[in-house]
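No experiment lies behind these values; they were computed from the predicted model shown.
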Amino acid sequence: MPHYALDITLTRALPPAQLHHVAPTMPLAANHDATRLLALVRAKTPAKALNRLRHQMGGRLPIDVITAHYPDLRGQLLYNIVFPPTAHAALDAAAEHTGQPLHLFVQEAIHRALTQHADEEADSLDRALQHLLAGTTPSHLLAALGRVLTHTCGAVPC
């Protein structure tokens, strides 16, 4: 049976004692501020791995979202989100209103939000670059960008 790498986003930072208490159940790697964890879970499918992790750790950790660490063959990530009852009821009603199953409604809403965010970020960068190009040449701007990236990414992967 394969192992799946899963990212766990927590609702709050995890104290070292709590992480140590959970470690015998499942080995976890924490980021620098213990707000995100990485786990390897053995399961037949990625979806079953997410569900197994949620079942084993849901009551022991303040889990917000669990995601597959690597995208699937279509380049998409699998998410495991548990909504509070009121949010779940509102989403369920909205999905029913559109005639879609809840999981498809949420999937499309997340996709739309991420697409909108990417578009807004690209537009913002375009405006900033246009502003910068108004006062310099493309070659000077590109050279400056190269210098900044070299200094910013020298010791840290970009």
In a table with atom names and distances, give each donor-acceptor pair under 3.5 Å that connects a side chain of residues 112-128 to protein atoms at least two apart or in another chain.
residue : atom : partner : partner atom : Å
Thr115  : OG1  : His111  : O            : 2.9
Gln116  : NE2  : Glu120  : OE2          : 2.8

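Scanning both residues, Ala39 and Leu28, for their nearest heavy atoms gives CB-CD2, 3.5 Å. Between Met1 and Lys44, the closest heavy-atom pair is SD-N, 3.5 Å. When all heavy atoms of Ala94 and Phe105 are compared, the closest pair comes out as CB-CZ, 3.5 Å. Among all heavy-atom pairs drawn from Ala5 and Leu38, the shortest one is CB-CD1, 4.4 Å. Closest heavy-atom contact between Ala13 and Asp33: CB-O, 3.5 Å. Smallest separation of non-hydrogen atoms from His69 and Asp7: ND1-OD2, 2.9 Å.
Every residue meeting the side-chain contact (heavy atoms from CB on, under 4.5 Å) condition with His140, not counting sequence neighbours, appears here in chain and number order: Thr136, Thr137. Scanning for side-chain contact (heavy atoms from CB on, under 4.5 Å) contacts around Ala144 gives Arg147, with sequence neighbours left out.
Tyr70 OH: 12 or fewer foreign heavy atoms inside a 6.0 Å radius. Heavy-atom neighbours of Arg36 CZ from other residues, nucleotides or ligands within 6.0 Å: at or below the threshold of 12. Within a 6.0 Å sphere centred on CD of Glu96, heavy atoms belonging to other residues, nucleotides or ligands number 12 at most.
Considering only heavy atoms from C-beta on, Ile110 comes within 4.5 Å of Ile81 through its side chain. Counting heavy atoms from C-beta outward, Leu37 and Leu61 have side chains that approach closer than 4.5 Å. Asn80 is not listed as a side-chain neighbour of Leu6, based on a closest heavy-atom distance of 4.5 Å or more. Contact of the Met57 side chain with the Ile63 side chain is registered, since non-hydrogen atoms from C-beta on lie closer than 4.5 Å. For the pair Pro62 and Leu14, the minimum side-chain heavy-atom distance is below 4.5 Å.
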Inset, instruction - Quick one: do Leu91 and Val106 satisfy side-chain contact (heavy atoms from CB on, under 4.5 Å)? Show the steps, please. - result: CA-CA 8 Å; Leu91 287 169; Val106 171; 4.2 Å; yes
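Going from atom CG of Leu40 over to atom CG of Leu53 covers 10.5 Å, rounded to the nearest 0.5 Å. Note: Lys48 NZ to Asn51 CG = 9.5 Å, rounded to the nearest 0.5 Å. Atoms OH and CG, on Tyr4 and Leu78 in that order, are 10.5 Å from each other to the nearest 0.5 Å. With rounding to the nearest 0.5 Å, the separation of CG in Asp64 from CZ in Arg12 is 12.0 Å. A distance of 7.5 Å separates CG in Leu77 from CG in Asp72, rounded to the nearest 0.5 Å.
Both Val22 and Ile66 sit in one connected hydrophobic cluster of ILVMFWY residues. Membership requires side-chain heavy atoms under 4.5 Å apart, directly or through other members. Following chains of ILVMFWY side-chain contacts shorter than 4.5 Å, one can reach Phe83 starting from Tyr79, so the two form part of one hydrophobic cluster. Leu10 and Leu50 fall within a single hydrophobic cluster, where Ile, Leu, Val, Met, Phe, Trp and Tyr are joined by side-chain heavy atoms under 4.5 Å apart, directly or via other members.
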